[in-house]
Amino acid sequence: QVQLVESGGGLVQAGGSLRLSCAVSGRTFSSYAVGWFRQAPGKERESVAAISWSGGSTYYSDSVKGRFAISRDNAKNTVYLQMNSLKPEDTAVYYCAAVGSPDDSGLFYYTEDYEYDYWGQGTQVTVSS
């Protein structure tokens, strides 16, 4: 069974930074593509960033491009989301998700929530103005 645990959320002022971590259990972590999603109150869950199992391909939504960076350390079974220049509209619960990705190229990532099999419990990020 694969388990995901997010950490690193909190309260930060606008313009500040946070780094979220997603620790993934399981021996085959290096074959999993991982994504970060967020859900603000009253809004649908949206994809924020995604990374292929090799780390060779990444995706960012337009709303975070240039401010957020996703990375992974397969030796530590951890994926990170570095969030800079935070805005009040970034306030949400952030979730990481994982899915086995059998592509040999290591270049596939996934941006739809239905494509993921495993989810963390979420971590709250609040950006004050």
Side-chain angles (χ1 to χ4, degrees):
Q1 184 71 9
V2 177
Q3 292 185 325
L4 289 76
V5 179
E6 302 97 334
S7 61
L11 174 64
V12 64
Q13 289 188 331
S17 298
L18 284 174
R19 188 176 79 157
L20 305 183
S21 298
C22 174
V24 183
S25 66
R27 294 180 298 171
T28 58
F29 169 75
S30 60
S31 67
Y32 283 88
V34 176
W36 284 97
F37 293 77
R38 67 185 181 188
Q39 188 166 21
K43 294 188 177 181
E44 292 187 354
R45 185 164 56 190
E46 64 171 336
S47 175
V48 173
I51 190 166
S52 63
W53 65 258
S54 70
S57 291
T58 56
Y59 159 83
Y60 300 96
S61 67
D62 288 342
S63 60
V64 307
K65 197 174 295 182
R67 300 188 297 120
F68 290 12
I70 189 171
S71 61
R72 66 189 296 157
D73 185 339
N74 285 348
K76 295 183 178 179
N77 280 22
T78 302
V79 172
Y80 305 97
L81 186 67
Q82 178 67 43
M83 305 187 297
N84 300 324
S85 302
L86 282 161
K87 304 175 181 180
E89 51 263 45
D90 294 318
T91 295
V93 178
Y94 283 71
Y95 300 89
C96 65
V99 61
S101 185
D103 67 296
D104 291 336
S105 69
L107 298 178
F108 286 12
Y109 55 74
Y110 304 90
T111 61
E112 301 295 334
D113 54 6
Y114 65 79
E115 295 178 299
Y116 287 90
D117 293 327
Y118 307 102
W119 290 82
Q121 82 290 348
T123 186
Q124 176 70 46
V125 171
T126 303
V127 184
S128 63
S129 57

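In what follows, residues are counted from 1 in the order of the sequence shown. Since the structure is predicted, the reported quantities are computational estimates derived from the model, not experimental observations.
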Heavy-atom check, side chain of [X] versus side chain of [Y], under 4.5 Å:
| X | Y | result |
| --- | --- | --- |
| Leu81 | Phe68 | yes |
| Ser7 | Ser21 | yes |
| Tyr109 | Ile51 | no |
| Trp36 | Val79 | yes |
| Arg38 | Ser63 | yes |
| Phe29 | Val2 | no |
| Arg67 | Tyr60 | no |

Do [X] and [Y] share a hydrophobic cluster (ILVMFWY, side-chain heavy atoms under 4.5 Å, transitive)?
| X | Y | value |
| --- | --- | --- |
| Leu4 | Tyr110 | no |
| Val24 | Tyr116 | no |
| Val34 | Val48 | yes |

For the [atom1] atom of [X] and the [atom2] atom of [Y], what is their distance to the nearest 0.5 Å?
| X | Y | atom1 | atom2 | result |
| --- | --- | --- | --- | --- |
| Asp103 | Trp53 | CG | CH2 | 7.0 Å |
| Leu11 | Gln124 | CG | CD | 9.5 Å |
| Ser128 | Gln13 | OG | CD | 5.0 Å |
| Ser31 | Asp104 | OG | CG | 11.5 Å |
| Tyr95 | Gln39 | OH | CD | 5.5 Å |
| Tyr80 | Ser71 | OH | OG | 7.0 Å |

Under a 3.5 Å distance rule, please check whether [X] uses its side chain to pair with a backbone N or O of [Y] as donor and acceptor.
| X | Y | value |
| --- | --- | --- |
| Thr91 | Val127 | yes |
| Arg72 | Ser52 | yes |
| Glu6 | Leu20 | no |

Parallel, tilted or perpendicular, as decided by the 30° and 60° cut-offs, for the rings of Trp119 and Phe37: tilted

Using the ring of each side chain (for Trp, its six-membered ring), is Tyr118 parallel, tilted or perpendicular to Tyr32, with breaks at 30° and 60°? perpendicular

How far apart are the closest heavy atoms of Ser47 and Ser61, and which atoms are they? O-CB, 3.5 Å

Testing the basics here: between Ser17 and Ser85, what is the closest heavy-atom pair and its distance to 0.1 Å? OG-N, 4.3 Å

Chi angles and distances behind the side chain to side chain contact (heavy atoms under 4.5 Å, CB included) call for Val64, Met83: CA-CA 8 Å; Val64 307; Met83 305 187 297; over 6 Å; no

Ionic contact status for Lys65 with Asp62, cut-off 4.0 Å: yes

